[in-house]
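Written below as structure tokens is the structure these notes are about.
Each chain gets a letter, A, B and so on, in the order the sequences are listed, and its residues count up from 1.
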Number of protein chains: 2
Amino acid sequence: MLKFVSLLLALSFCQGLQHNNIDDYVEAEPVFEASKHGSLWPLPQKVQISEVSLKLTSSSFRIVDAKASSAGPSCSLLQSAYRRYYEYMFGSAKKQWWSKNNRRSDPSDLSELQVWITSPDSECDGYPSVTSDESYELTVNQPVAVLKAPKVWGALHGLETFSQLVFEDEYGAKSINATIINDFPRFQHRGILLDSSRHFLPIKVILANLETMAMNKFNVFHWHIVDDQSFPYLSRTFPQLSEQGAYHPYTHVYTPADVKMVIEFARLRGIRVIPEFDTPGHTQSWGKGQKDLLTPCYSGSKPSGSFGPVNPILNTTYDFMAQFFTEISTVFPDGYVHLGGDEVDFTCWKSNPDIQKFMQQQHFGDDYRKLESFYIQKLLDIVTSTKKGYLIWQEVFDNGVKLKADTLIHVWKGNQEQYQNEMANVTASGYQTLLSTPWYLNRISYGQDWQGFYKADPQDFKGTDEQKKLVIGGEACLWGEYVDATNLTPRLWPRASAVAERLWSAKSVTDIGDAFNRLSLHRCRMVERGIPAEPLFSSYCPREYKGV
Amino acid sequence: MLKFVSLLLALSFCQGLQHNNIDDYVEAEPVFEASKHGSLWPLPQKVQISEVSLKLTSSSFRIVDAKASSAGPSCSLLQSAYRRYYEYMFGSAKKQWWSKNNRRSDPSDLSELQVWITSPDSECDGYPSVTSDESYELTVNQPVAVLKAPKVWGALHGLETFSQLVFEDEYGAKSINATIINDFPRFQHRGILLDSSRHFLPIKVILANLETMAMNKFNVFHWHIVDDQSFPYLSRTFPQLSEQGAYHPYTHVYTPADVKMVIEFARLRGIRVIPEFDTPGHTQSWGKGQKDLLTPCYSGSKPSGSFGPVNPILNTTYDFMAQFFTEISTVFPDGYVHLGGDEVDFTCWKSNPDIQKFMQQQHFGDDYRKLESFYIQKLLDIVTSTKKGYLIWQEVFDNGVKLKADTLIHVWKGNQEQYQNEMANVTASGYQTLLSTPWYLNRISYGQDWQGFYKADPQDFKGTDEQKKLVIGGEACLWGEYVDATNLTPRLWPRASAVAERLWSAKSVTDIGDAFNRLSLHRCRMVERGIPAEPLFSSYCPREYKGV
């Protein structure tokens with residue numbers, strides 16, 4: 001393994017950090033050493049790597065369906081995954097195809113990887129879900145390697161792991177050590193939030209990041225698709241929403257075909273797409289194309305011309321929402337929709353005399369949280385009728401809105417103590433939850449901030465074992481104020497990779513030095529696969545990024 | 001101008017910064033409005049833009065040498081600049097070439113830009129220097145625009161300014177308003193430092209950033225080419241330095257041809273290339289290929305196996321430096337070399353018995369700064385004999401080394417009060433100086449940190465007018481610990497653009513709101529020219545970045 005590592009990457013042993021002696025920043029200098037787990041990321045649950053090394057030849061190595069597999073040649077999800085991983089492993093060595101007829105199989109070769117879906121239903125043509133089985137077993141031994149998984153989702157993860165075991169020896173030959181791996185995720189919800197409202201994200205950027213998510217075993221793309229700033233979702237039912245609310249109605253929108261492509265691209269990589277349509281706040285862009293949807297704000301006794309959150313006192317609002325979320329329920333196949341519900345500013349509601357009157361009629365007094373709850377409860381009923389479950393930001397829970405038992409509460413606020421208390425409260429109330437607070441990757445600082453992301457654990461709060469089981473995972477969030485196509489990818493990777501390992505690997509995997517060593521290699525692998533993942537520290541990759 | 005701006009970019013008017021309420025960060029939300037100076041960046045010294053709009057047609061518009069110009073068709077610097085700027089202005093509209101024969105010139109057209117070099121020596125085939133005349137005058141009026149400049153350097157800046165005045169009207173037609181501009185830089189040294197040692201920077205990345213420097217009127221590329229971590233400079237005299245000291249002797253080095261290409265690419269854009277070969281510290285990578293160059297450190301009475309700064313007590317050290325800097329003086333045509341001299345750690349020198357003995361012989365007592373000065377003075381004599389001037393980091397001045405009167409002192413340490421004191425001290429001693437402390441762009445933080453860079457002024461310190469005149473400019477530094485090809489360009493731009501305007505425009509140009517408005521458009525222009533310059537805040541560009 002040492003050889004492998006020295007070939008894949010060498011980090012420099014630094015004598016000093018020039019020009020960083022500004023007093024607010026002190027950090028131990030990382031020193032690279034080979035991990036006994038090479039470049040595996042996230043670390044599988046159980047790994048045994050032997051010293052026996054096998055060679056793979058690009059001309060003869062094959063990834064094939066095992067005879068007993070329930071997924072055969074008709075499973076295009078697996079067939080395209082085989083091609084993708086073959087390309088990752090041999091892409092830069094493809095020039096050797098001509099040697100095909102010159103060389104016969106050697107006894108020390110690994111000739112094929114057999115992929116064996118063991119469950120009668122491979123789920124090849126289905127969508128991943130929160131209950132999907134993602135486990136797999138991988139046995140690499142002469143002359144064949146076997147990847148066993150109950151479902152295609154585990155097989156996809158196993159292919160990634162297999163590709164991570166392959167390395168170049170000192171002659172450039174592809175090799176792999178005999179290995180046994182038994183793997184499954186610690187949490188079932190491992191997500192990335194991207195925000196396509198503050199800045200429009202071209203489809204190309206979204207696809208590249210789905211690709212990278214698969215390399216890191218993330219399985220949820222939380223698509224914060226619209227917000228105050230713009231409404232790029234082209235709705236078939238209400239096309240005027242993007243016509244008026246997008247930055248540009250043609251160049252800065254996601255058409256139904258775009259959305260379909262994103263969903264299928266994600267599915268082929270075992271990734272769920274959960275769209276977020278955040279209401280009643282964060283809806284300024286909705287108001288441009290949908291008359292009377294937002295609350296008119298008043299300045300004294302007259303409308304000020306500006307608008308606040310969704311108007312919760314009009315029947316037309318709920319008619320709109322019913323039609324809109326019916327469309328969403330058919331466009332997005334996932335079982336869940338994220339309904340937002342965060343940061344509702346009551347100022348505008350308070351200024352509006354019609355709202356004030358409604359408050360009196362409903363006996364809400366001055367408690368606008370009750371009005372918010374009134375809205376949210378009606379919205380949840382609408383979404384329930386579309387047969388979808390929902391995620392909501394923590395405020396909805398904090399404000400005491402009545403929620404269905406299977407609601408997922410998304411925790412995002414406060415400092416460590418506060419979010420841990422929130423996790424305890426939410427789970428004590430019997431709700432499932434997922435964590436994002438420590439993983440706001442839009443917030444950047446100098447140096448290796450991935451270590452902070454790595455150390456946070458969503459089950460670190462005071463609670464019973466039952467409560468801990470209600471934690472279904474977490475999401476790394478990259479809000480869009482300061483990112484677009486120009487800088488999103490290097491800002492997200494490999495910082496999000498730290499979150500990926502926390503959510504996949506065993507709770508005991510916390511050695512920051514070993515993580516640094518593996519992650520350094522993992523980042524060079526992402527670079528080699530064409531992803532501009534930024535460096536952790538002074539170092540080099542044998543094949544640097546080819547872009548600018 | 002309002003029309004132009006609304007077409008080039010629209011920033012969203014945000015109601016709230018979702019998910020940014022973490023308490024350590026509060027910022028007023030920027031609101032975009034059209035500047036009366038459109039997208040000009042950096043702002044010229046004198047600008048008068050009229051309301052008269054002229055059209056440019058890609059089929060007939062030409063950039064030509066004025067009849068009286070001292071630079072004609074043989075001046076390839078200008079000829080290639082004409083093509084570059086034509087491409088910038090019409091690149092996305094080139095499909096209209098077929099309309100050539102369909103359309104005749106219109107009286108409201110601008111048919112050509114005449115470039116008139118007024119000095120008998122255009123300096124077309126020379127190199128820019130610290131005393132180069134970079135001034136120009138630009139008059140845009142029907143039917144021709146005239147760009148007058150004493151030297152080609154001013155003409156290059158004028159071409160950039162002209163291209164910044166061109167906008168697309170609502171029908172996509174290229175237009176320009178009648179304008180008179182009289183422009184020259186406030187400071188003669190406006191630099192960017194890139195570090196190719198912590199991470200190797202592929203030539204492609206360096207060239208792209210030179211291109212972007214020209215768009216921002218920077219005129220010095222400070223190439224921090226080697227350091228502790230690696231030695232990518234392939235020396236003709238001492239090839240073993242990169243053979244042993246580079247991250248990889250073939251894939252991670254700059255060959256003589258590479259260096260030559262960088263220098264010529266820079267020259268064609270009016271940019272000087274000043275290499276830094278930092279000694280006696282920051283030289284670990286030198287030691288790998290040059291025996292006995294570094295000081296052996298001792299642990300008790302025995303060598304520890306590790307090495308410290310350059311060994312200042314051996315004659316072989318100075319023989320090496322004389323040969324090495326003779327090579328450097330021929331490879332790099334600029335009149336200056338940066339000699340470093342920062343952060344010398346005395347620990348290793350103190351541990352070495354031979355050094356201790358030398359200290360006694362020289363009557364240096366325990367003052368290792370005297371030993372440092374001994375080394376530096378000998379080095380300065382060597383470099384002086386190669387007919388080069390030099391820049392050194394401030395420590396060399398702080399340590400009282402005897403310096404030639406024309407030495408440039410590079411200030412980089414401390415907080416605002418400290419660096420302003422340093423600027424006062426350096427100039428009180430009669431030395432010229434340049435500032436970098438507030439412009440360490442490697443240090444990142446959340447939000448719009450460009451505003452801090454923008455507010456710093458290198459002449460803001462207590463001193464006489466004479467002292468202020470000794471400030472020749474400054475440099476934005478992007479040290480390489482955390483940047484490589486994957487993230488360098490978006491991290492540098494448009495943050496460095498803030499420094500560009502500070503160093504070019506009049507001292508009175510300090511309106512942060514107007515700067516935000518112009519810089520937002522300037523950043524979209526960089527994006528349109530293929531540079532992944534990151535966004536300032538929630539917004540969009542009509543043509544988003546095409547990469548990932």
Side-chain angles (χ1 to χ4, degrees), chain A residues 10 12 14-22 198-200 202 204-205 208 227-230 247-248 251-252 281-282 284 342-343 345 412-413 440 442-447 477 479-487 489-491 527 531-535 537-540 542 544-548, chain B residues 10 12 14-22 198-200 202 204-205 208 227-230 247-248 251-252 281-282 284 342-343 345 412-413 440 442-447 477 479-487 489-491 527 531-535 537-540 542 544-548:
Chain A
S12 62
C14 311
Q15 300 301 312
L17 278 175
Q18 182 176 25
H19 294 271
N20 283 319
N21 68 349
I22 301 179
R198 271 76 178 211
H199 288 98
F200 180 76
K204 191 174 168 183
V205 172
D227 205 297
D228 282 329
Q229 287 79 2
S230 74
Y247 280 132
H248 188 285
T251 59
H252 288 65
H282 291 285
Q284 290 294 306
D342 57 316
E343 296 184 318
D345 182 352
W412 69 275
K413 292 177 78 167
Y440 264 41
N442 49 307
R443 304 192 66 83
I444 55 170
S445 59
Y446 187 63
C477 301
W479 294 100
E481 283 85 355
Y482 301 104
V483 289
D484 69 2
T486 62
N487 62 347
T489 305
R491 193 167 289 194
V527 168
I531 305 300
E534 67 181 19
F537 195 59
S538 302
S539 62
Y540 80 104
E544 301 289 358
Y545 183 61
K546 299 289 182 217
V548 166
Chain B
S12 62
C14 310
Q15 301 300 312
L17 279 175
Q18 184 176 27
H19 295 271
N20 284 319
N21 68 349
I22 301 178
R198 271 72 179 216
H199 288 98
F200 179 77
K204 190 175 169 183
V205 172
D227 205 296
D228 283 328
Q229 287 79 2
S230 74
Y247 281 133
H248 188 285
T251 59
H252 288 65
H282 291 284
Q284 289 294 305
D342 58 318
E343 297 184 318
D345 182 354
W412 69 275
K413 291 177 78 166
Y440 264 41
N442 49 306
R443 305 191 66 82
I444 55 170
S445 59
Y446 187 63
C477 301
W479 295 99
E481 284 85 355
Y482 301 105
V483 288
D484 68 3
T486 62
N487 61 348
T489 306
R491 194 167 288 193
V527 168
I531 305 299
E534 66 181 20
F537 195 60
S538 302
S539 63
Y540 80 104
E544 302 289 356
Y545 184 61
K546 299 288 182 218
V548 166

Point to revise | Parallel, tilted or perpendicular: ring planes of B/His252 versus A/Tyr540, cut at 30 and 60 degrees | key: perpendicular
Study note, to complete from the structure: Residue from B/Ile444, B/Thr251, B/Asp345 scoring the most non-hydrogen pairs under 4.5 Å with chain A is B/Ile444
Review point. Can you check side chain to side chain donor-acceptor pair (under 3.5 Å) on B/His199 and A/Ser538, steps first, answer last?
Key: CA-CA 6 Å; B/His199 288 98; A/Ser538 302; 5.3 Å; no
Review point. Are any of the side-chain heavy atoms of B/Tyr446 and A/Glu481 separated by less than 4.5 Å?
Key: yes
Revision key, fill the gap. Here the gap from B/Ser539 atom OG to A/Tyr482 atom OH, rounded to the nearest 0.5 Å, amounts to 11.0 Å
Study note, to complete from the structure: If one checks every heavy atom of A/Glu534 against chain B at 4.5 Å, the contacting part turns out to be both
**Study point:** chain B contact via A/Pro202 - side chain, backbone, both or neither, heavy atoms under 4.5 Å
**Key:** side chain
Review point. Out of B/Val548, B/Ile531, B/Val527, B/Thr489, which residue meets the side-chain contact (heavy atoms from CB on, under 4.5 Å) rule with A/Thr486?
Key: B/Val527
**Study point:** Test item: A/Asn487 and B/Pro532 side chains (from C-beta on) under 4.5 Å apart, heavy atoms
**Key:** no
